[in-house]
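Everything below concerns the one structure shown next.
In what follows, chains carry the letters A, B, and so on, assigned in the order in which the sequence lines appear, proteins first and then strands, with residues in each chain numbered from 1.
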Amino acid sequence: MEWVYIEDIAAHDGREVEIRGWVYNKRSSGKVRFLLVRDGTGLLQATAFSAEKDSLLFQQFDRLTQESSLIVRGTVRADKRAPGGFELAMSELEIVQIAAEYPITLKEHSTPFLMEHRHLWLRSSRQHAILRVRAEVIKAIRDFFDGRGFRLMDTPILTPSACEGTTTLFETEYFDQKAYLSQSGQLYNEATAMAFGKVYCFGPTFRAEKSKTRRHLIEFWMCEPEVAFATLQDIMVLGEDLILFIMERVLARRRADLETLERDPKPLEAIKKPFPRLTYDEAVPILREKGSAIEWGGDFGAPEETIISELYSSPVCVTHFPTAIKAFYMQPAPENPDVVLGVDFLASEGYGEVIGGGQRIHDPVLLGKRLEEHKLPREAYEWYLDLRKYGSVPHAGFGMGIERMVSWICGIKHIRETIPFPRLLYRIYP
RNA sequence: UCCUCGGUAGCUCAAUCGGCAGAGCGGGUGGCUGUUAACCACUAGGUUGCAGGUUCGAGUCCUGCCCGAGGAGCCA
C-alpha cells in the first residue's frame with residue numbers, strides 16, 4: 001500500500017493509502033470513531049464504523065492518546081463534513097508508540113508555558129504556518145539574489161574583533177585567543193564584493209544586548225547583499241525589488257498559511273514601487289508634529305519608526321541620518337558631511353525597520369580617521385583598510401532581518417515565533 | 001540595566017472586607033452511529049514561587065529574594 005503525505009491526499013481520492021503520523025485529536029460517538037491525524041504536511045480525519053465494539057480497530061483507537069505515533073491505512077474519499085474535504089475510511093491502525101500525557105492541549109496556554117515547550121509547540125498548526133512562511137521567505141531571498149547574478153559568500157561566525165564596535169558581542173575561546181560571535185557579515189562582504197562584484201551572505205547573527213522587546217532576538221538571521229560600484233540610490237532600488245519579490249512569492253505560494261494566521265493579505269498586496277523616500281531632515285518635523293519629542297541628531301526609537309511607517313501603505317525609505325549616530329564606515333553625503341548616505345526601510349503597519357544599509361566609505365584617509373574617532377584598534381582593521389588601498393571603489397549594501405520580515409508578513413506581534421528555537425534575553429531553553 | 005504588571009491543581013483562571021482551596025480543560029472510568037477545540041455522567045488531582053514577619057487566623061497585608069511577561073534604551 002502506498003505511503004502518501006496528507007498535502008497530496010486529493011490526488012489519491014478513491015484509492016487505498018497509508019498515512020504515517022501522529023494523533024492530533026480524536027472523537028468518538030458510540031459506534032463511530034473520528035481520528036484527526038497530522039503528518040507534518042497537513043491534517044486528515046480518519047473514520048471507523050463498527051457494529052461490534054470489540055473490533056481490533058476500535059480497541060487500538062481507544063488506546064490512543066494525543067500525539068501518539070501511528071500508521072493508518074484505508075480508503076481516501078471526499079466528504080464535505082471532513083476538515084479539508086477528504087477523509088480516510090480506516091481499515092487498519094498500527095500503533096508506533098502510545099504517547100505519554102501531552103502537555104499542550106487544544107485549549108489556550110500562556111506564552112511562557114508554550115516557550116518552555118517550544119520543542120512540542122512546533123507541532124501546532126499556527127507555528128507550522130509561520131515557519132512555512134519563513135522557509136518560503138528564505139527561498140525567495142536566495143532565488144532573488146541567485147537570479148540576479150549575486151554570489152553567495154558565507155562570512156565567518158567566529159571573528160577576531162568587533163565589526164561595528166559599539167554593540168555588545170558574545171565572547172568565546174579561540175584556543176589561546178579571544179574570539180567573538182559575528183554580529184554582521186558586512187565587513188567581510190565588502191572584501192568579497194571587491195572580488196566578485198555583487199555578493200550576499202545569509203547566516204546567523206549574534207547580539208549580546210539586553211534587549212527585551214517584541215522586535216529583538218539574541219540570535220537572528222540576516223541577509224546582507226553588497227555591491228561594488230553601487231551607490232545609495234542603487235541599493236535602495238535593490239531593497240525595493242527584494243521586498244516586492246518576497247511579497248509576491250509568499251502571496252502566490254503561502255496564501256493558505258496566511259489564512260491560517262488570519263493575516264489580511266491586502267496591506268501586503270498594496271505595496272508598490274517606488275517606496276516613499278524621506279530624508280532624516282524631512283522626518284524630524286513630521287515626527288514632532290505627530291507628538292514625538294525627537295530633536296535633530298537623535299536616533300529613531302520604536303515609537304518614531306511606528307509613526308513614520310503608518311503614514312504610507314508601502315515601506316518608507318528614510319535616508320541621510322546624522323553621521324554621529326551611525327556606524328563608522330558610513331559614507332558622508334557629499335553636500336553635507338554631517339549626514340550619511342544610509343537608509344532604513346521601515347515596514348508598513350507599524351512593523352518598523354526591516355532593512356538597514358547604505359554606502360560605505362571608500363576613501364582610505366577618511367576611513368582611517370573614522371576608526372580613530374570611534375577608538376577602534378587600527379591593527380584589527382588593516383585588512384579592511386587594504387580594500388581602500390587596492391582599487392577602491394564606491395560600494396553599498398544592506399542587511400535584512402529575516403525574522404522581522406516574517407513577523408511583518410505573518411502579521412504577528414512578537415518576533416519570537418518566527419524562528420524554530422528563539423534565543424531570548426533570559427531564555428536559552430529548549 | 002531601568003519602569004510597570006504578574007506567579008493558586010498538569011494547563012487556563014476564580015477565591016468579596018484577612019475567615020472551610022474552587023471551576024473549566026487535560027487525565028481516569030462509563031455512556032452515545034457523523035464528530036468538528038464534540039457532548040453527557042462520575043472520579044482522582046494542592047508545599048497557593050521561596051524565606052521571614054504581622055495576626056486568634058494569611059492565597060489575600062508587610063519585607064527580602066527567585067522566576068516570568070509587557071515596555072524603554074540599543075538595533076536588523
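Rounded to the nearest Å, the gap between the P atom of B:G49 and that of B:G59 is 10 Å. Between B:U55 and B:A69, the distance separating the two C1' atoms is 33 Å to the nearest Å. Comparing the C1' positions of B:G53 and B:U60 gives a spacing of 15 Å, expressed to the nearest Å. Rounded to a whole angstrom, the distance from the C1' atom of B:U16 to that of B:C11 is 26 Å. Across B:C3 and B:C75, the matching P atoms stand 22 Å from one another, rounded to whole Å. Remark: the separation of the P atoms in B:G31 and B:G19 is 44 Å, to the nearest Å. For B:U47 and B:A58, the C1' atoms lie 15 Å apart once the distance is rounded to whole Å. On the C1' atoms, B:U43 is 16 Å away from B:G24, given to the nearest whole Å.
Base pairing analysis places B:G27 opposite B:U43; the two distances defining the Watson-Crick or G-U wobble pair are each below 3.5 Å. Applying the Watson-Crick and G-U wobble criteria (two distances, each under 3.5 Å), B:G59 pairs with nothing in any strand. With a cut-off of 3.5 Å on both pairing distances, the Watson-Crick or G-U wobble partner of B:C65 is B:G49. In this structure, B:C75 forms no base pair with any nucleotide, since neither Watson-Crick nor G-U wobble geometry is met with both distances under 3.5 Å. Nucleotide B:A37: unpaired (no Watson-Crick or G-U wobble partner with both distances less than 3.5 Å). Across all strands shown, B:U8 forms no Watson-Crick or G-U wobble pair with both distances under 3.5 Å. Using N1 to N3 plus N6-O4 or O6-N4 for Watson-Crick, or N1-O2 and O6-N3 for G-U wobble, each under 3.5 Å, B:G70 pairs with B:C3.
The listed nucleotides are B:C75, B:A69, B:C25; the one nearest the side chain of A:Arg207 is B:C75. You'll find that the side chain of A:Pro112 is closest to B:G68, out of B:A72, B:G68, B:C11. When each of B:A76, B:A37, B:C32 is scored by its nearest atom to the side-chain atoms of A:Lys107, the top-ranked nucleotide is B:A37. Candidate nucleotides B:A69, B:G27, B:G34 were compared by shortest atom distance to the side chain of A:Arg416, and B:A69 ranks first. When the nucleotides B:G27, B:A72, B:U12 are ranked by their closest atom to the side chain of A:Lys212, B:A72 comes out on top. Checking B:A69, B:U35, B:U33 against the side-chain heavy atoms of A:Lys31 singles out B:U33 as nearest. If you check B:C75, B:U35, B:G34 against the side chain of A:Asp79, the one that comes closest is B:G34. Comparing B:A76, B:U35, B:G71 by their closest approach to the side chain of A:Leu217 singles out B:A76. Side chain of A:Arg214, nearest nucleotide from B:A72, B:G70, B:G68: B:G70. Closest contact between the side chain of A:Phe113 and the listed nucleotides B:G34, B:G73, B:U12 involves B:U12.
Using a 4.0 Å heavy-atom cutoff across all strands shown, A:Gln45 reaches at least one base atom of the nucleic acid. Among the heavy atoms of the strands, none lies under 4.0 Å from A:Glu116. Counting any heavy atom pair closer than 4.0 Å across all strands shown, A:Glu353 reaches sugar-phosphate atoms only and no base atom. A:Arg77 comes within 4.0 angstrom of a base, heavy atoms only. Counting any heavy atom pair closer than 4.0 Å across all strands shown, A:Ser28 reaches a base atom. Among the atoms of the strands shown, none is found under 4.0 Å from any heavy atom of A:His117.
With respect to the salt-bridge test (charged N to carboxylate O, under 4.0 angstrom), the residues A:Arg73 and A:Glu18 qualify. With respect to the salt-bridge test (charged N to carboxylate O, under 4.0 angstrom), the residues A:Glu305 and A:Arg215 qualify. In this structure, A:Glu373 pairs ionically with A:Arg370, as a charged nitrogen and a carboxylate oxygen lie closer than 4.0 Å.
We find that CG of A:Leu44 is positioned 18 Å from P of B:U35, with the value rounded to whole Å. Rounded to an integer number of Å, the gap from NE2 of A:His414 to P of B:A69 is 8 Å. Between the CZ atom of A:Phe58 and the P atom of B:U33 there is a distance of 10 Å, given to the nearest Å. Summarising the geometry, the separation between CG on A:Leu36 and P on B:G34 is reported as 18 Å, rounded to the nearest angstrom. Across the protein-nucleic acid pair, A:Tyr24 atom OH and B:U35 atom P stand 19 Å apart, rounded to whole Å. Across the protein-nucleic acid pair, A:Leu346 atom CG and B:A76 atom P stand 12 Å apart, rounded to whole Å. A straight line from NZ of A:Lys326 to P of B:C75 spans 7 Å, rounded to a whole angstrom. As rounded to whole Å, 13 Å separates atom P of B:A37 from atom CZ of A:Phe34.
Between the side chain of A:Glu87 and the base of B:G34, a donor-acceptor pair under 3.5 Å is found. No N or O donor and acceptor, one from the side chain of A:Ser211 and one from the base of B:C75, sit under 3.5 Å apart.
Projected onto RNA chain B by closest heavy-atom contact, A:Tyr102 and A:Glu403 fall at different nucleotides, the more 5' of which corresponds to A:Tyr102. Positionally, the nearest nucleotide of RNA chain B for A:Ser110 lies more toward the 5' end than for the other of A:Ser110 and A:Met115.
Two rings, from A:Phe321 and A:Phe300, have their centers less than 6.0 Å apart.
A:Lys26 forms a cation-pi arrangement with A:Phe61, by the criterion of a distance under 6.0 Å to the ring centre and an angle within 45° of the ring axis. At least one cation-pi condition fails for A:Arg207 and A:Phe220: the charged atom is not both under 6.0 angstrom from the six-membered ring centre and inside a 45 degree cone around its axis.
The shortest distance between the side-chain N/O atoms of A:Thr213 and the OP1/OP2 oxygens of B:G71 is not below 4.0 Å. Neither OP1 nor OP2 of B:A72 sits under 4.0 Å from any side-chain N or O of A:Arg215. OP1 or OP2 of B:C74 has not a single side-chain nitrogen or oxygen of A:Lys210 nearer than 4.0 Å. Phosphate contact (OP1/OP2 of B:G34, side-chain N/O of A:Arg33, threshold under 4.0 Å): absent. Distances shorter than 4.0 Å separate none of the side-chain N or O atoms of A:His109 from OP1 or OP2 on B:C25.
Annotation for A:Arg142: atom CZ counts as buried by contact number, over 12 foreign heavy atoms lying within 6.0 Å.
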Worked check of ring pair (Phe, Tyr, Trp, His ring centres under 6.0 Å) between A:Phe58 and A:Phe49: CA-CA 9 Å; A:Phe58 271 40; A:Phe49 299 82; 8.8 Å; no
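Nearest approach of A:Leu88 to A:Val17, heavy atoms of both residues: CD1-CG2, 3.8 Å.
For the pair A:Val4/A:Ile19, a side-chain contact is recorded, criterion being any heavy-atom separation below 4.5 Å from C-beta on.
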